[in-house]
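Accompanying notes for the structure given below.
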Amino acid sequence: MVERRRRRRGEGTVTAAEREVNYRSLRNPFPQMKVVSEDEVVHLHDAALGILEDKGIKVLLPEAREIYRKAGARVEEDMVYIGRDLVAQALKTAPSSILCRAGARNRDVLLEPGSLVFQPGAGAPHATDRLRGRRPGTGKDFQELIQLTHHFDALHMLPPLVEPQEIAPHVRHYYTLDTMLTRSDKLPFVFSRGTPQVMDSFEMLRDFRGLSDDEFHAESHCYTIINTNSPRVLDMPMAQGVIDFARAGQTAIITPFTLMGAMAPITVAGAITLSHAEALAAITLSQLTRPGAPVLYGTFTSNVDMKSGAPAFGTPEHFKASLLAGQLAAHIGLPWRCASGSAANINDAQAAHETQFAMWGCLMAGATVIIHAAGWLEGGLTVSYEKFITDMEAVQMVAEMCRPVETEGDALALAALDEVGPSGHFFGCAHTMARYQTEFYEPLVGDWSNFGTWSERGEKDASTRATELWQRILDEDARPELDGDRVEALRAFIDRRTAEGGAPPES
């Protein structure tokens, strides 16, 4: 058992046992929940194939249209009609298991059906906390949120939590990747905003990891998100991202973002069928570019408030859409990404129940990767520091449920039953004394004290306690050990490329 020395106010030095946990490699402990029959899943998959074959998808990148055309798809101007035979062949070559190499081997991420991988909220233009208020995302916010992500072992991949808006777009990718590589050893994200930025990022990552070109291309060392523009559009930077990542052997997570009643049909089945078709189109492009390229199926489907048109998350429809997407992912046999989220404006009860309800939809659907599991507010417009911490309470509780229940040895406590007779209690028995410090999960921000004790301690609510925790984590500033020469070389590359003009994002 790991021991730690801990000094409490007003006490001498004491020794307290620390629970041994491993949240770095999780398996989903829940059976997949089905919302429709297997026959209906086949029917929806067939309908999606019919959409691609008969209605087509608009592909704005000429190179992508040419790849489809050479493989046998019908191309008419910017519309591509993809036969079901091409999709079927792509699903045969797309890998069902992907090992992504992080900066440390114990941070590697296995993406396959049954694995459970969490990410915090991503892609927000704003950040907020109780001390500094709501603000446009900055480089400092990006750094701090990466440090918070690094701190929690139950978060396995680094997403772009906020956009550092004071940093110009043509050099922003240097800053974000530098931050991810030097402040964490988890799997980094690379933006798909045109080939020049992607190639810059691949070169930085390759050299920082000390890899040759062949070694870099042989395994996946980063990932990106590819969003289609629903309904039925694959734009230029996203199509180019699919191609660039496939050629380099790096992981692309294909994620249509469909909101029922807005950019997707208003029904759950209609929205998911459209999402499925768009995902299959991009997966097919990936496999036509390089058979066997690492690619994940993904979905992010919820509904809108039909009174205002605003996105809604954590709704029953969001839950059902996740379940249906999970059945389709199982049907095609690929690891897949699903999403939690909240439309709440502050870290309140609405924010908590929407995020947790949506997360349970992902869990019951058998998702491999669950993004937006911590910190996400306003439908993705803001990442909250306090919500990041309070959401991690739920994420870590799920991670605890992934731990097997002991049934051997003294776990059954038969000796304790000999010691404690009828009408007795177990507080002081030997079995309890041996385990009381480590048997139960200890909450991050939950307060189990009674009202009197809580009042004496200042009547702090969960958000206040969360503020104290994220401040403490940032003050500790724990980072991985780094090779000084590689950090120097990374910064030299960034300085040189910045002087050369950087790499403007392509549109």
Side-chain angles (χ1 to χ4, degrees), residues 22-28 93-120 122 146 149-150 152-161 176-177 179-192 198 201-226 241-242 244-255 282-283 286-287 289-298 329 333-339 362 366-373 399 402 480:
N22 179 10
Y23 295 158
R24 296 189 179 192
S25 181
L26 305 178
R27 305 290 297 184
N28 193 328
T93 61
S96 60
S97 181
I98 303 165
L99 178 60
C100 296
R101 295 297 194 181
R105 291 289 71 82
N106 61 1
R107 298 286 196 186
D108 290 348
V109 178
L110 180 63
L111 302 174
E112 64 181 14
S115 295
L116 183 57
V117 174
F118 286 105
Q119 297 182 32
I146 288 294
T149 304
H150 177 72
F152 292 102
D153 282 353
L155 298 174
H156 308 99
M157 302 167 76
L158 301 176
L161 292 105
T176 55
L177 189 55
T179 298
M180 287 186 278
L181 294 179
T182 59
R183 294 182 182 242
S184 181
D185 52 8
K186 296 185 180 183
L187 185 70
F189 172 90
V190 168
F191 287 103
S192 290
V198 169
S201 299
F202 286 171
E203 185 173 349
M204 292 163 63
L205 179 56
R206 180 202 65 196
D207 293 348
F208 193 79
R209 297 284 190 247
L211 303 170
S212 67
D213 276 337
D214 288 343
E215 289 170 332
F216 181 78
H217 288 84
E219 294 184 295
S220 181
H221 301 275
C222 61
Y223 77 102
T224 196
I225 300 292
I226 301 296
V242 172
D244 290 340
F245 272 72
R247 285 176 175 162
Q250 304 307 303
T251 298
I253 303 179
I254 311 298
T255 310
I283 290 169
S286 170
Q287 298 306 298
T289 301
R290 175 178 169 176
V295 63
L296 262 70
Y297 178 84
L334 294 185
W336 72 290
R337 175 263 206 194
C338 199
C362 301
T368 308
V369 178
I370 302 177
I371 195 172
H372 308 320
C402 295

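Being a predicted model, the structure only gives us computed values, none of them experimental. Excluded from the calculations below are hydrogen atoms, water molecules and symmetry mates; all remaining heavy atoms, backbone and side chain alike, are included.
When all heavy atoms of T368 and L111 are compared, the closest pair comes out as CG2-CA, 4.0 Å. The shortest non-hydrogen separation linking T224 to S192 is OG1-OG, 2.9 Å. Residue Q250 comes nearest to E219 through the heavy atom pair NE2-O, 3.1 Å, listed as atom of the first residue, atom of the second, then distance. Taking every heavy atom of both residues into account, K186 and A102 meet most closely at C-CB, 3.9 Å.
Judged by distance alone, the side chain of H372 and the main-chain N or O of A122 form a donor-acceptor pair under 3.5 Å. With S220 contributing its side chain and T251 its backbone, the two residues share a donor-acceptor pair below 3.5 Å. A donor-acceptor pair under 3.5 Å is absent between the side-chain atoms of Q119 and the main chain of A373, judged by distance alone. With H156 contributing its side chain and V369 its backbone, the two residues share no donor-acceptor pair below 3.5 Å.
Residues D185 and H150 are in side-chain contact: their nearest non-hydrogen atoms beyond the backbone lie under 4.5 Å apart. At a threshold of 4.5 Å between non-hydrogen side-chain atoms, the residues S184 and T149 do not count as touching. Within the 4.5 Å cutoff, the side chain of F245 has no heavy atoms near those of the P294 side chain. Residues T176 and P160 fail the side-chain proximity criterion, which asks for heavy atoms closer than 4.5 Å. Residues R247 and T289 have side chains in contact (heavy-atom distance under 4.5 Å, counting atoms from C-beta outward).
The aromatic rings of Y223 and F189 sit perpendicular, their planes meeting at an angle over 60°, well past the 30° parallel limit. Below 30°, between 30° and 60°, or above 60°: for H221 and F216 the angle between ring planes is below 30°, a parallel geometry.
S115 and R27 are linked by a side-chain donor-acceptor pair at a separation below 3.5 angstrom, with hydrogens and angles left out of the test.
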